[in-house]
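What follows is a set of notes on a single structure, which appears directly below.
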Amino acid sequence: MSKLWTLITQLHSLAGPVLSLLYPLYASVVAIESPSKIDDEQWLAYWIIYSFLTLAEMVLQPILEWIPIWYDVKLLMVAWLVLPQFKGAAYLYERFVREYIRKHVTEKEHQQVHHQIQKKSPNGGKTKKKFVEFITPKKGEQEAY
């Protein structure tokens with residue numbers, strides 16, 4: 001009985017890395033090589049969510065040590081994120097992460113790029129601004145397509 005228990009314990013220890021790293025790594029490579037973008041989104045979303053989960057786990061480690069079933073809960077959560085039947089990573093990304101990224105990160109990046117252009121340009125970015133105004137259509141103009 002002790003050998004069986006040892007085997008089960010070892011399999012349980014291997015399940016985490018296989019489910020959270022090896023399978024997603026394999027599936028990500030397959031997704032990159034496939035022509036479909038849907039699977040690309042699933043696996044990019046997975047790596048974003050998994051990175052966040054790992055960082056949160058690092059910060060909360062002293063608290064999580066007191067929860068005896070944390071490893072099992074994490075394993076179930078990662079299974080939900082990974083398994084194609086659930087597509088949990090894509091769901092979490094669409095539901096929570098995307099709106100935050102669109103709202104905050106793109107605005108900050110736009111401001112940083114604009115600020116860097118002004119700092120680098122000898123005339124404060126005025127030439128670039130004039131060029132952008134020149135190539136973008138005015139409100140009343142219609143594009144001929």
Side-chain angles (χ1 to χ4, degrees), residues 1-137 139 143 145:
M1 182 67 179
S2 67
K3 289 183 181 186
L4 178 62
W5 183 250
T6 304
L7 178 65
I8 290 171
T9 306
Q10 293 300 320
L11 288 176
H12 188 262
S13 299
L14 287 174
V18 168
L19 192 62
S20 63
L21 295 171
L22 288 179
Y23 176 70
L25 176 65
Y26 169 75
S28 297
V29 171
V30 170
I32 288 173
E33 297 302 323
S34 77
S36 173
K37 290 198 174 233
I38 294 170
D39 53 359
D40 295 355
E41 291 176 6
Q42 159 65 20
W43 292 110
L44 284 171
Y46 170 76
W47 290 112
I48 291 168
I49 301 296
Y50 182 74
S51 298
F52 178 73
L53 178 66
T54 303
L55 289 171
E57 189 178 27
M58 288 170 60
V59 170
L60 299 173
Q61 186 63 36
I63 297 168
L64 296 175
E65 288 176 356
W66 289 93
I67 303 173
I69 61 169
W70 168 245
Y71 185 78
D72 299 321
V73 170
K74 180 183 172 188
L75 196 57
L76 288 173
M77 197 166 27
V78 169
W80 181 72
L81 292 173
V82 166
L83 294 175
Q85 296 88 344
F86 303 115
K87 295 186 180 178
Y91 172 78
L92 285 180
Y93 184 82
E94 287 291 325
R95 183 98 167 124
F96 300 105
V97 178
R98 177 171 275 167
E99 286 302 314
Y100 175 80
I101 297 295
R102 284 186 177 171
K103 240 185 236 182
H104 300 288
V105 174
T106 54
E107 288 176 10
K108 288 178 185 176
E109 285 179 356
H110 178 71
Q111 290 171 356
Q112 288 174 349
V113 168
H114 183 70
H115 182 69
Q116 287 175 352
I117 288 171
Q118 286 182 343
K119 282 175 68 176
K120 288 181 181 178
S121 177
N123 59 357
K126 293 178 185 174
T127 306
K128 175 96 174 167
K129 188 175 179 181
K130 286 181 183 178
F131 177 73
V132 170
E133 290 174 354
F134 174 73
I135 62 170
T136 55
K139 283 191 176 185
E143 297 179 31
Y145 284 101

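Expressed to the nearest 0.5 Å, how far CG of Leu19 lies from CG of Leu14 amounts to 12.0 Å. With rounding to the nearest 0.5 angstrom, the CH2 atom of Trp80 is 13.0 Å from the NZ atom of Lys87. If you take CG on Leu25 and CG on Leu21, they are separated by 8.0 Å, rounding to the nearest 0.5 Å. Atoms CG and CG, on Leu76 and Leu81 in that order, are 11.0 Å from each other to the nearest 0.5 Å. Interatomic distance, Glu41 CD to Ser36 OG, rounded to the nearest 0.5 Å: 8.5 Å. Rounding to the nearest 0.5 angstrom, the gap separating the CZ atom in Phe96 from the CD1 atom in Ile49 is 9.5 Å.
Aromatic ring pairs are classed by plane angle as parallel below 30°, tilted from 30° to 60° and perpendicular above 60°; the pair Tyr50 and Trp47 is perpendicular.
Formation of a donor-acceptor pair under 3.5 Å by the Tyr46 side chain with backbone atoms of Gly88 is not found in this model.
In this structure, the side chains of Leu53 and Val78 come closer than 4.5 Å at one or more pairs of heavy atoms. Inter-residue side-chain proximity for Leu75 and Trp70 is flagged as unmet; no heavy-atom pair is nearer than 4.5 Å.
In plain terms, the two heavy atoms of Ala31 and Ser34 that are nearest each other are O-OG, 3.0 Å. The shortest heavy-atom contact between Pro62 and Trp66 is O-CD1, 3.1 Å. Of all the heavy atoms in Ala89 and Ala45, the pair that sits closest is O-CB, 3.7 Å. When every heavy atom of Glu57 is checked against every heavy atom of Lys74, the shortest pair comes out as OE1-NZ, 2.8 Å. Here the closest heavy-atom approach between residue Tyr23 and residue Val82 is recorded as CD2-CG1, 3.1 Å.
By the 6.0 Å contact criterion, CD1 on Ile38 is open, its count of non-hydrogen atoms from other residues, nucleotides or ligands being 12 or less. For Tyr71, the OH atom sits in a packed shell: over 12 heavy atoms of surrounding residues, nucleotides or ligands are nearer than 6.0 Å.
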